[in-house]
Amino acid sequence: MVAMLMNIHDTINSIESITPKEAIILQNELRGSVIARDDFGDIKLIGGVDVGVKEGIAVAAVVMFEYPSLTLVETATATRKAVFPYVPGLLAFREIPVILDALVKLSRRPDIIIVDGHGYSHPRRFGLACHLGVTLDIPAIACGKSRLVGEYREPSLGRGSVEDLVEGGEVIGKILRTRDNVKPVFISVGHRVSLDTAVRIALESARGKRLPEPVGMAHKAASNRTKDGFRKR
DNA sequence: GCGACAG
DNA sequence: ATCTTGTCGC
């Protein structure tokens, strides 16, 4: 595998120096590497990933929680100029570089990660969570906050309600209500995990909040670094 | 041409 | 995502 043979520096460079047209071709090449079934060992550490952008500077935060106790054990952040533009469907090329910067700072590798964004529920079935999961060959779950593609019916209002996210007759993800009467989230496969398992872990991790704990925490961490530049270490 | 469009 | 005050609800 190409990504496996490259160090992180080259990996980042090849991702952010690509053109949008080439990016689409690359997604179509890499989509075949996604493993959409459960393929992982015991989960003891679960990571949450999120990125914020402020005045052209991207801030990534990766948080690690013990699983299933959901105790916060480690946080890492990184800052990097956002070079690739925001283009719906090509978010990975804008966010993966800074995410990798943050990930290498962790003392341990998470056994699975939950990513803020889509995975299989993507125009080419290769969203950010898939790209990150395949690049690191790590189990990944996608948890988006709004629709990118597909149609669905509104889940009933109780926590745990689920509906299919469908496109072209295929179930590409699930709409999951993680809290009573609160806007549902969009769950899909990232890598090495089945859709049902992704939904189960996402719901388990969302305790009292709309977003799964790891993602919510990563969002906060990135947001704090995003506010008023990045001077406060 | 028009509308849709993760973060 | 970010720009922004108050406000409704547990």
Side-chain angles (χ1 to χ4, degrees), chain A residues 15-16 20 23-24 26-27 30-31 34 48-62 77-102 113-134 140-152 157-159 165-168 172-191 195 198 202 206-212 214-230:
Chain A
I15 288 179
E16 66 178 9
I24 290 177
L26 181 58
Q27 289 181 326
L30 295 178
R31 55 188 290 184
V34 173
V49 179
D50 189 35
V51 174
V53 181
K54 173 86 167 184
E55 294 166 3
I57 303 298
V59 178
V62 181
T77 61
T79 297
R80 164 184 292 264
K81 188 175 189 178
V83 302
F84 200 93
Y86 169 67
V87 179
L90 301 181
L91 184 64
F93 298 87
R94 181 174 176 78
E95 301 198 342
I96 283 187
V98 70
I99 289 174
L100 294 181
D101 285 337
I113 55 177
I114 302 185
V115 183
D116 185 332
H118 285 86
Y120 192 80
S121 50
H122 173 276
R124 289 165 291 283
R125 307 292 180 261
F126 198 70
L128 172 60
C130 297
H131 204 139
L132 193 56
V134 167
I141 293 170
C143 178
K145 299 186 294 297
S146 65
R147 189 194 81 102
L148 174 57
V149 293
E151 305 119 38
Y152 62 96
L157 312 90
R159 166 184 159 89
L165 175 60
V166 181
E167 186 175 75
I172 58 177
K174 296 279 188 176
I175 311 302
L176 171 66
R177 186 92 61 186
T178 50
R179 281 193 65 178
D180 289 353
N181 294 55
V182 165
K183 186 182 183 197
V185 293
F186 295 68
I187 304 299
S188 66
V189 168
H191 189 49
L195 182 53
R207 307 188 310 182
K209 294 164 190 173
R210 180 196 177 210
L211 296 180
V215 178
M217 269 297 136
H219 187 71
K220 276 187 185 177
S223 178
N224 290 334
R225 289 273 273 135
T226 262
K227 277 193 171 184
D228 205 72
F230 47 96

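In the text below, chain A, chain B and the rest are named by the order of the sequence lines, each starting its count at 1.
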| message | With side chain to side chain donor-acceptor pair (under 3.5 Å) as the rule and sequence neighbours excluded, what pairs involving residues 175-188 of chain A come up? | response | Ser121(A)-Ser188(A)
| said: What is the first contacted nucleotide of DNA chain B and what is the last, in 5' to 3' order, if contact means an atom lying under 4.0 angstrom from a heavy atom of chain A? | reply: dA4(B) to dG7(B)
| Residue pairs fulfilling salt bridge (charged side-chain N to carboxylate O under 4.0 Å, His left out) with at least one residue in residues 117-132 of chain A, sequence neighbours excluded | Arg125(A)-Glu167(A), Arg125(A)-Glu170(A)
| CZ-CD1 distance between Phe186(A) and Ile175(A), expressed to the nearest 0.5 angstrom | 4.5 Å
| note | In DNA chain C, stems of three or more consecutive pairs, Watson-Crick or G-U, each with both distances under 3.5 Å, turn out to be none
| note | Across all chains, not counting sequence neighbours, the side chain to side chain donor-acceptor pair (under 3.5 Å) partners of His122(A) are none
| Which atoms form the tightest heavy-atom contact between Ala218(A) and Gly48(A), and what is the distance? | CB-O, 3.6 Å
| message | Aromatic contact between Phe126(A) and Tyr120(A), with the criterion being ring centroids under 6.0 Å apart: yes or no? | response | no
| task | Apply side chain to side chain contact (heavy atoms under 4.5 Å, CB included) to Cys143(A) and list each qualifying residue two or more places apart in sequence or on a separate chain. | result | Ile114(A), Val185(A), Ile187(A), Leu211(A), Pro212(A)
Please tabulate, for the side chains in residues 80-98 of chain A, all donor-acceptor contacts under 3.5 angstrom to protein atoms that are two or more places apart in sequence or on a different chain.
from	atom 1	to	atom 2	distance (Å)
Arg80(A)	NE	Asp101(A)	OD2	2.6
Arg80(A)	NH1	Glu16(A)	OE2	3.2
Arg80(A)	NH2	Asp101(A)	OD1	3.2
Arg80(A)	NH2	Asp101(A)	OD2	3.2
Arg94(A)	NH1	Phe84(A)	O	2.7

| said: To the nearest 0.5 Å, what is the distance between NE2 on His191(A) and NE2 on His131(A)? | reply: 11.5 Å
| query | Which residues satisfy the side chain to side chain donor-acceptor pair (under 3.5 Å) test with Lys209(A), sequence neighbours excluded? | reply | Glu213(A)
| said: Can you give me the closest heavy-atom contact between Val53(A) and Thr226(A), atom names plus distance? | reply: N-OG1, 4.3 Å
| remark: Contact check, residues 123-132 of chain A vs DNA chain B, heavy-atom distance under 4.0 Å, returns Gly127(A), Leu128(A)
| Using Watson-Crick pairs (N1 to N3, plus N6-O4 or O6-N4) and G-U wobble pairs, both distances under 3.5 Å, which stems of at least 3 pairs involve DNA chain B? | none
| Under the salt bridge (charged side-chain N to carboxylate O under 4.0 Å, His left out) test, which residues partner Asp116(A), sequence neighbours left out? | Lys145(A)
Taking N or O atoms only and anything under 3.5 Å, show me the protein contacts with nucleotides 1-10 of chain C, one pair per line.
from	atom 1	to	atom 2	distance (Å)
dA1(C)	OP2	Lys145(A)	NZ	2.8
dC3(C)	OP1	Lys54(A)	NZ	2.6

| said: Base, sugar-phosphate or nothing for Arg147(A)? Non-hydrogen atoms, less than 4.0 Å. | reply: sugar-phosphate
